[in-house]
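All values reported here derive from a predicted model rather than from experimental measurement. A note on names: the letters A, B, ... follow the listed sequences, proteins ahead of strands, and every chain is numbered from 1.
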Amino acid sequence: MKSLYFLVDCNSFYVSCERVFKPALRNRPVVVLSNNDGNVVALSREAKELGLLPFGAPFFKVQQMVRAHGIAVFSSNYTLYGDMSRRVMETLAEFSPEMEVYSIDEAFLFFRALGADPVGYGAMMRDRVRQWTGIPVSVGVAPTKTLAKLACRIGKRDPARGGVCALVDPAGIDELLDSVDAGGVWGVGGQYREFLRKNGIRTARELRDAPDRWVRRNMTITGLRTVWELRGVSCIPLDEVPAAKKAIVSSRSFGVPVEGLADLSEAVAAYAARAAEKLRSQRCAAGSVAVFLSTNPFKEDDPQYSNGVAVRLSVPSSYTPRLIHAAVRLLGLMYRRGYRYKKAGVMLYEIMPQHDAQLDLFSRFHDTERTRRLMRTMDGVNRTQGRGALFFASEGIARQWRMRRSFLSARYTTRWDEIPAARA
DNA sequence: TCTGGGGTCCTAGGACCC
DNA sequence: TCTGGGGTCCTAGGACCC
């Protein structure tokens, strides 16, 4: 019996979420767009097989082709994807007490001593997630996380495996690693891929067999860990409890260019409020606030301006009005008239646990029990009634600047008034 | 007309200290 | 003729992930 990592990865996750509620889209090409309908960020297998759309293609450039091929299009619906993700993760959590939710559509499960046949066990996970949530997944099994990622990739690539692949036996592993490009290894991105090619390393197997000293010198300690993991030596442990964020960013592109300070202030206030909500959800306070702002760099004929400024708060805070106030003031410091702004954002950093933030009991800026109760109440209402049920007037009502979402599906699972209806 | 958002880790180099 | 040795902290930049 061996200790093993299972990586469970949802297939074309955003597309699959949309398909659960529109079964007619099964076996059809479907794409999902990024925020603001900017880029193509998810493609169904059928859309990938058309071979026309690279991941990340700007939607406006491919819109004609998308229409010509009858590809279904959706705006990002993170309310739906977040809720579907939670259901998938709850289903998986029943298989092992040791689980790391790695991203919205992936989780690692760890088994100290698995008695069962790994492929059969992975198939059971796949079937149960499908049955309970409607989401198709692929499963990779191996003694390290990096190999489990690789196994999952192979399982997806090769339909005969039914979406489950184990790299457990040393026999045959060389051929499998040789069939995967080094750039397909977790931790090897485009830059390293090119660098490796120039040095004669093209496949995962060749990377695995590269000399330690050379890897350490050229790819840092992180690269060396990756190589050891390819050899079956576990160096990247399961991270069950995600560490508190060291920085929290909330930023968006605008649906239309924004020029006036009043509109920008609304947007910045809304972003600050959202960042503060995330901050409180990890029971922390922020010591510093930064705001950044920029025009559209793709519009080369427009005058360009971008800037960012930060301030340290006299006392760390998680109180939304205080953070909004600081952010809007920073915006005023760098705002210049006569530019068409495309994007703004708020970043909170120097983050610490809320109870450590009580350094100066006499400051009039200090968060009090009263302000905390107020925020807890507000967060509670927004949790149960939907985000945005309660907000600050400074965030604006009309919100001309809000993002474009022309192809939005309903929030089927989180809003009673958007629940799907069955037709007889 | 139209190009996303949110994070982490590592290293090099400079400032400063003893 | 020919630079001291470390330690720590900070920042900027580069790489990666989804």
Any [X] side-chain N or O less than 4.0 Å from OP1/OP2 of [N]:
X       : N       : value
K149(A) : dC18(C) : yes
K343(A) : dT3(B)  : no
S103(A) : dC17(C) : no
R193(A) : dA15(C) : no
K278(A) : dG7(B)  : yes
K299(A) : dT3(B)  : no
K342(A) : dG4(B)  : no
S253(A) : dG5(B)  : yes

Distance in angstrom units between [X] [atom1] and [N] [atom2], rounded:
X       : N       : atom1 : atom2 : value
Y349(A) : dG6(B)  : OH    : C1'   : 17 Å
Q63(A)  : dT3(B)  : CD    : P     : 12 Å
N39(A)  : dG6(B)  : CG    : P     : 14 Å
Y78(A)  : dC18(C) : OH    : P     : 14 Å
D239(A) : dT8(B)  : CG    : P     : 11 Å
M219(A) : dC16(C) : CE    : P     : 8 Å
K246(A) : dG7(B)  : NZ    : C1'   : 11 Å
L408(A) : dG4(B)  : CG    : C1'   : 16 Å

* Asked: Want to know the stems of DNA chain B: at least 3 consecutive Watson-Crick or G-U pairs with distances under 3.5 Å, which are they?
  -> B:5-18 with C:5-18

Looking for any heavy atom pair under 4.0 Å, which part of the strands does [X] touch: base, sugar-phosphate only, or nothing?
X       : answer
K61(A)  : base
A247(A) : sugar-phosphate
R225(A) : sugar-phosphate
V256(A) : nothing
S76(A)  : nothing
D37(A)  : nothing
G190(A) : sugar-phosphate
I104(A) : nothing
N36(A)  : nothing
Y102(A) : sugar-phosphate
R216(A) : sugar-phosphate
I221(A) : sugar-phosphate

[X], nearest nucleotide to its side chain (from [options]):
X       : options                  : value
W186(A) : dG7(B), dC18(C), dC16(C) : dC18(C)
S251(A) : dG5(B), dG4(B), dT3(B)   : dG5(B)
R252(A) : dT8(B), dG5(B), dT3(B)   : dG5(B)
Q191(A) : dC10(B), dC2(B), dC16(C) : dC16(C)
Y192(A) : dG4(B), dC16(C), dT11(B) : dC16(C)

* For R415(A) and G386(A), which heavy atoms make the closest approach, and how far apart are they? -> NH1-CA, 4.2 Å

So that I can tick it off, tell me whether [Y] and [X] are bridged by a salt bridge, with the cut-off set at under 4.0 angstrom between side-chain N and carboxylate O.
X       : Y       : answer
D174(A) : R208(A) : yes
D379(A) : R280(A) : yes
D9(A)   : K149(A) : no
K22(A)  : E18(A)  : no
D181(A) : R202(A) : no
E46(A)  : R19(A)  : yes

* Asked: Side chain of S250(A), backbone of V346(A): donor and acceptor closer than 3.5 Å?
  -> no

* Asked: Are M375(A) and E277(A) close enough, and set up right, to give a side-chain contact (heavy atoms from CB on, under 4.5 Å), and what steps lead you there?
  -> CA-CA 9 Å; M375(A) 291 298 99; E277(A) 202 179 304; over 6 Å; no

* 5'-most by nearest nucleotide on DNA chain B - F60(A) or K245(A) -> F60(A)

* Structure fact -> Taking for P257(A) and for T220(A) the nucleotide of DNA chain B with the nearest heavy atom, the one nearer the 5' end belongs to P257(A)

* Verify the distance criterion only: is there a donor paired with an acceptor across the side chains of Y305(A) and N307(A) at less than 3.5 Å? => yes

* Asked: Distance between the C1' atoms of dC16(B) and dG4(C), in whole angstroms?
  -> 16 Å

